[in-house]
Amino acid sequence: MSAAIRIGVAGALGRMGAAVAGEIADREGVAPAGQFGRPGATDEQLKSCDVIVDFTTGAASAALATRVAANGGPALVIGSTGLSAGEEAAVRAASTTIAIVKSGNFSVGVTILAGLVEQAARKLDRRDWDIEIVEAHHRLKRDAPSGTAWMLAQAAADGRGEALGDIAVRYRDGTAGPRRQGEIGFSVLRGGGIVGEHAVIFAAENEVLTLSHSARDRRLFARGAVEAAVWVAGREAGLYDMMDVLGLRD
């Protein structure tokens, strides 16, 4: 029988960190290898892990990726969202040395949704169909729009063959004027204990197509993150996502 994959958890005191720790405890073939808060793990703790699952902040994730890459491992699964351009660059740089799975959402359903959004955006003419991303989360969520909303918007932009940064509109206030052709808009709600609601609306003059996903329990994200950890353990260096983990990459 093969040895259990040793998984550490960064951000263990947070909601997602606790959910990931619970999922590790319930799953066969994996073993807990330490839970880290801030400022983080010691070098010895890092060496005890085959993979670290990280749900912290953009700054903390970038710092961890840089440190782990300098040590030559372990692999990482990063679920932090709201990373700055510099933090994203640090993660990409680390992925040239270690294997990293990074995703704005570890749900199987959301990964499938992103694929459907890309296909729809490819088929629906930008001159006739507007795209709006609507998302809702609990009152404690720090970043907006959510990482999942950005992931879905990126899928739509990829479908249209355009750079998301050129067509994304995050805010509308006051006399905003008419909607520009081809833009992708975001609408954000925060309140209560909403786990995660996402909808991508394709709106034409006489019809509306809505693709959506509702999360009922954050353990589903933890389950996907642990699945990603099992998949990435022992992989060659590179930056991967859930499409890779699920074998859905074309």
Side-chain angles (χ1 to χ4, degrees), residues 1-12 16-17 19-21 23-36 40-56 58 60-81 83 87-112 114-115 118 147-148 150-151 154-155 158 219-250:
M1 186 174 68
S2 59
I5 296 171
R6 301 167 300 169
I7 304 176
V9 180
M16 277 306 305
V20 170
E23 190 65 27
I24 293 169
D26 291 344
R27 177 168 175 150
E28 294 183 358
V30 300
Q35 299 180 18
F36 322 124
T42 65
D43 285 342
E44 288 304 312
Q45 287 174 317
L46 292 178
K47 291 176 182 177
S48 72
C49 302
D50 296 313
V51 186
I52 296 175
V53 177
D54 173 23
F55 283 89
T56 52
S61 292
L64 178 63
T66 300
R67 181 181 173 196
V68 169
N71 289 343
L76 291 178
V77 173
I78 297 177
S80 304
T81 56
L83 279 71
E87 291 158 358
E88 293 280 6
V91 172
R92 284 195 301 272
S95 72
T96 64
T97 302
I98 60 172
I100 300 176
V101 175
K102 181 178 178 296
S103 180
N105 194 300
F106 286 90
S107 157
V108 173
V110 165
T111 303
I112 298 296
E118 182 173 348
T148 303
W150 281 112
M151 175 177 148
Q154 185 63 61
D158 290 345
R219 281 293 290 266
L220 75 90
F221 306 124
R223 192 170 301 117
V226 174
E227 188 67 33
V230 171
W231 181 89
V232 80
R235 295 244 168 210
E236 64 181 30
L239 186 59
Y240 305 98
D241 60 20
M242 281 300 284
M243 296 287 283
D244 298 302
V245 173
L246 298 175
L248 298 176
R249 183 72 63 204
D250 290 337

| request: Could you check F36 against I52 for side-chain contact (heavy atoms from CB on, under 4.5 Å), going step by step and ending with a plain yes or no? | output: CA-CA 10 Å; F36 322 124; I52 296 175; 4.0 Å; yes
What closest approach, in Å, do [X] and [Y] show between heavy atoms, and which atom pair accounts for it?
| X | Y | answer |
| --- | --- | --- |
| P32 | I24 | N-CG2, 3.7 Å |
| C49 | A33 | SG-O, 3.4 Å |
| I98 | A69 | CG2-CA, 4.0 Å |
| F55 | G79 | CE2-CA, 3.5 Å |
| Q35 | A21 | NE2-CB, 3.6 Å |
| A228 | M242 | CB-SD, 4.2 Å |

| Audit row: R67, D43, side-chain contact (heavy atoms from CB on, under 4.5 Å) steps and yes/no | CA-CA 9 Å; R67 181 181 173 196; D43 285 342; 3.0 Å; yes
According to side-chain contact (heavy atoms from CB on, under 4.5 Å), who are the partners of [X], at least two apart in sequence or on a separate chain?
| X | value |
| --- | --- |
| D26 | R219 |
| S107 | N105, V110, H213, L220, F221 |
| A233 | I5, V51 |
| E87 | A59, A62, L83, S84 |

Strictly distance-based, threshold 3.5 Å: is any side-chain N or O of [X] a donor or acceptor partner for the main-chain N or O of [Y]?
| X | Y | result |
| --- | --- | --- |
| S80 | T56 | yes |
| D241 | D244 | yes |
| D50 | R6 | yes |
| T96 | A93 | yes |

| said: Quick check for you: to the nearest 0.5 Å, what is the distance between E23 atom CD and E227 atom CD? | reply: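 It comes to 9.5 Å.
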| message | Let me confirm one number: the CG-CD1 distance from L64 to I100, rounded to the nearest 0.5 Å. | response | 9.0 Å
| message | Which residue is it: V101, T148, T111? I am looking for the one with a side-chain contact (heavy atoms from CB on, under 4.5 Å) to F106. | response |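 Of V101, T148, T111, side-chain contact (heavy atoms from CB on, under 4.5 Å) with F106 is met by V101 alone.
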| task | Find out whether V68 and P74 are in side-chain contact, i.e. whether some heavy atom of one side chain is under 4.5 Å from a heavy atom of the other. | result | yes
| request: With sequence neighbours excluded, tell me which residues meet side chain to side chain donor-acceptor pair (under 3.5 Å) with T81. | output: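 With neighbours one apart ignored, the set is D143.
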| side-chain contact (heavy atoms from CB on, under 4.5 Å) between I112 and L248, intermediate numbers included | CA-CA 9 Å; I112 298 296; L248 298 176; 3.6 Å; yes
| Residue pairs passing the salt bridge (Lys or Arg N to Asp or Glu O under 4.0 Å) test where at least one lies in residues 94-112, sequence neighbours excluded | E88-K102
